[in-house]
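Worksheet: the structure to be examined is printed underneath.
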Amino acid sequence: MLESLPKARIMGASAVIRARRNRSRIALTDPFSRAGLEAPAPQPGGIAARARAAAGGPRYLEGLNAEQRAAVEALDGPVLVLAGAGTGKTRVLTTRIAHIIAEGRARPYEILAVTFTNKAAREMKDRVAMLAGPVAEGMPWLGTFHAISTKILRRHAELVGLKSSFTILDTDDQIRLMKQVLQAENIDDKRWPARALAFQIDAWKNRGLDPKHVPAGEAAAFANGKGAALYTLYQERLKILNAADFGDLLLECLRLLRDNPEVLKQYQDRFKYMLVDEYQDTNAIQYMWLRLLAQGRQNVCCVGDDDQSIYGWRGAEVDNILRFETDFPGAKVIRLERNYRSTGHILAVAAGLIAHNEGRLGKTLFTDDEAGHKPTVTGVWDSEEEARSVGEEIEQLARAGGAYDEIAILVRASFQMREFEERFITLGLPYRVIGGPRFYERAEIRDALAYLRCVAQPADDLAFERIFNTPRRGLGDATLQLLHDHSRRQRIPLMQAAQFMVETDELKPKQRQVLRGLLSDFARWAGLIDQKPQGELTEMILEESGYTDMWRKDRTAEAAGRLENLKELVRAMEEFPDLGAFLEHISLVMEAEGKDVGPRVSIMTLHGAKGLEFETVFLPGWEEGLFPHQRSLDESGRAGLEEERRLAYVGVTRARRRAKIYFATNRRIHGLWQTTIPSRFLDELPAGHVEVVEAATGAAYGGYAQSRFANMDSFGSSYSTPGWRRAQQRGEETRSAAKSGGFGGAARRGPLQIEGELVASSSAESGFAKGARVFHQKFGYGAVAAVDGNKLTVDFDKAGRKMVLESFVQAA
DNA sequence: CATTCGAGCTTTTTT
DNA sequence: AGCTCGAATG
């Protein structure tokens, strides 16, 4: 290991600057340095020309190398394309789609193309359109797993106990709902946090496990054995709310297909060709979903790179890619190893790093490009200097004519972004943070959406709870509690419960009045859904509810921005045909505003950077504990370490011409400064291909080499500690459990269907007769004077004549 | 019912 | 360090 240490070459800061300036000039006159994704294949020896002549093929096939072309043209039967970073993966996928359409093998709507992220889906759509023209515009089945599942689910929602208008809950809603479930079960949510249960249930769903099939051991692990029961309750609540969380979109869709062969057949027949992007990131349930649909025609093409599998923590199984050939017998496997993105040194560094992983399918990337600049490793004193130094380097690049949008800073964890942001603000460097809080995650947007959800889907309790006292209207916990009591007892939505309660004397007059007003507002707005364009309606709702006023009166700094965001929301929704389409879109794919305001430096996480490329990439924070992340190591042992290494590999391979790695000796974690150890990944970089440089800020710190030697041993030994071994074991257990994770079995439950409309279920006979003695929590004892459905008029001994709901009294 | 203050906790990554 | 949540107070 010692010999793999990069040679420490210390030079003076000014020398570094001079050298770099020269380099920049060279790079910028380089023909490959131009912007654009996946530069066209520079074909040596006229192979492309010959191929083209031989085939006389369509233009979209031009410029593909032999392997790419093979991957595009192998239309029949299962195909696995192992595509290394920068080998033209997306190009193959999009060209393949164009090819299928051009050959008349299938119409655009008969092609299923699945991606992992919305970003990838959008890009694919755009690029197919570029290749195949407007024919491809209507590819309704190009999207993320979640988006496509949703689409299928909406069409057959009744079959799984939902209505097709079901709401999609995000993580926030999920946790709030979970809290209610825990509360109802009297479980101390200090000891068993809702968050943890939500996480657990999500993990189960990712493995395709419904409550019935959760392994007993795992179910028992939460809340003294109540894990599975809570899962069941949670699912019941979701059905009552007519809602699905992210996991459900896939799980319920799978259940739908499994339990309804005729529906399955319909989709198997429809999807003549299936394409899957980033196959290495599929988790167990996505895999089951895919296999089920692909069983029909077997024309499935999966593209992936086992070295870029970075979502193991979310249940992704690299094994899916490793066993493709077993699951799809006769599959063609095509490797794309020619890299068109990065220069030689960068590729060598990436290769040297990833070679430390075991259990790879093994690919060797190569390039005809020049060797280029060696990736640099820079040690700095602390994270502040790191930000300063990176800022300085960027300014140098800019002065040399580099474009800001060709520069990215890729961090391991989002908290690292802050320091760069602060620095760039003082420098006046234009930057943008990618993957920060999403547009629709902002409070004001969520509030506005909650109003819309209340109007469009009266069963949406979570939405109702969110805004029933926003803006403040004097309704609080006490009122909510009463509503909850009634709603839970009658198994009806909150708003319906509220509808009953404004008729009776349970609530204090003031609250009753306010609530009645609110409900009638909702009813009035609901009546306007089909009358008014959704944008106009939204403005009206926000105005009349006093919501916008609330922010106008708010004198805090963000208030103006929030109002701005609301305007943006209204503007965005006007582009949709109707409110439903908009709500659908926003819960799955809405992204932060995309106004282009000139070129900017991108700051994002390594995960967010997958699939992107930049001229220059900064990789700060290569320190033990941060990268590789401690948590990853603790939770998944060696598997975790390998995933971190793949993340590093992804980071390095984002760079076309320059990769700049940083590590700091001191970093502030949770507010306090801690001394850190350089990442072990630094040791793994092939010495001949990296250059160790001093920080551009010139603060003399040459501690890198020494600290490495000093700490070498502790790395070696940490592998044999009991804790580590335990962690490793745990990792393996979970993985094997996931593998065997089945689902099968018939549908359970008679779904708890409820009416979404505010229709009185008062036709039900009352259990009380006139004259009966009753007891009421608040009003005490009394005698029933009249019965009207579930409403009772009671003469209370002390409180006098009151109208109460039956569910609030008991026989005395 | 709203506001204020203190305690405790968190910080990977995403649909 | 900063934030969210809960308890105490007005």
Side-chain angles (χ1 to χ4, degrees), chain A residues 114-121 143-150 168-172 174-176 179 189-190 193-196 199 202-203 205-206 244-251 253 278 281-283 285-286 308-316 383 410-419 434-438 440-441 443 469-481 507-508 510-511 514 586-591 604-611 621 625-636 640 643-644 646-648 650-651 667-674:
Chain A
V114 214
T115 65
F116 227 69
T117 63
N118 296 306
K119 202 168 63 184
T144 61
F145 278 101
H146 296 269
I148 291 171
S149 290
T150 306
I168 298 166
L169 302 189
D170 61 20
T171 321
D172 218 65
Q174 220 182 104
I175 289 171
R176 279 193 298 147
K179 263 190 192 140
D189 70 347
K190 284 262 166 50
R195 187 171 270 290
F199 188 81
D202 207 49
K205 286 180 177 175
N206 279 335
D245 62 21
F246 281 126
D248 277 343
L249 296 178
L250 281 157
L251 188 62
C253 184
E278 307 282 14
D281 286 332
T282 49
N283 60 32
I285 191 164
Q286 289 162 336
Q308 291 188 66
S309 161
I310 53 175
Y311 286 103
W313 53 274
R314 233 176 78 184
S383 45
L410 309 183
V411 299
R412 177 63 183 79
S414 39
F415 75 83
Q416 292 173 264
M417 293 178 174
R418 200 181 179 139
E419 227 140 0
I434 297 182
R438 266 156 246 285
Y440 69 82
E441 277 169 6
N469 195 33
T470 309
R472 301 251 135 90
R473 32 174 88 89
L475 301 173
D477 269 356
T479 309
L480 184 60
Q481 200 52 53
L507 297 172
K508 295 195 191 112
K510 197 183 106 209
Q511 275 80 358
V514 172
I586 199 161
S587 55
L588 279 177
V589 297
M590 187 77 180
E591 307 259 346
M604 61 180 104
T605 64
L606 285 160
H607 285 87
K610 195 163 71 159
L626 177 58
F627 194 33
H629 201 282
Q630 192 57 48
R631 193 145 160 185
S632 208
L633 263 33
D634 290 346
E635 280 170 10
S636 318
E643 180 153 316
E644 295 286 306
R646 290 193 290 269
L647 206 44
V650 167
R667 188 169 294 276
R668 191 167 37 197
I669 300 170
H670 309 339
L672 38 113
W673 285 96
Q674 286 185 326

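In what follows, every chain begins at residue 1, and chains take the letters A, B, ... in the order their sequences are listed.
- For A478(A), counting side-chain heavy atoms from C-beta on, the closest listed nucleotide (dC1(B), dT14(B), dT15(B)) is dC1(B).
- Minimum atom distance to the side chain of K179(A) is reached by dC5(C), of the listed dT11(B), dC5(C), dA2(B).
- Taking side-chain N and O atoms only, T479(A) has a distance below 4.0 Å to OP1 or OP2 of dC1(B).
- Both G476(A) and G247(A) lie near DNA chain B, and the one whose nearest nucleotide falls closer to the 5' end is G476(A).
- Rounded to whole Å, the P atom of dT4(C) lies 16 Å from the corresponding atom of dT13(B).
- Residue ring and base: W313(A) counts as stacked with dT13(B) (centre distance below 5.5 Å, interplanar angle below 30°).
- At dT15(B), none of the side-chain N or O atoms of S149(A) fall inside 4.0 Å of OP1 or OP2 (strictly under the cut-off).
- As a whole-Å value, the separation of Q416(A) CD from dT11(B) P is 16 Å.
- Heavy-atom nearest nucleotides on DNA chain B were determined for G608(A) and for R472(A), and the one closer to the 5' end corresponds to R472(A).
- R195(A) places its CZ atom 13 Å from the P atom of dC9(B), with the value rounded to the nearest Å.
- Rounded to whole Å, atom P of dT13(B) lies 11 Å from atom CG of L626(A).
- Residues Y311(A) and N283(A) are not in side-chain contact: their nearest non-hydrogen atoms beyond the backbone lie 4.5 Å or more apart.
- Nucleotide dT13(B) holds its C1' atom 13 Å from the CZ atom of R646(A), rounded to whole Å.
- F116(A) places a side-chain heavy atom less than 4.5 Å from the side chain of Q286(A).
- Here the C1' atom of nucleotide dC1(B) and the CG atom of N469(A) are 9 Å apart, to the nearest Å.
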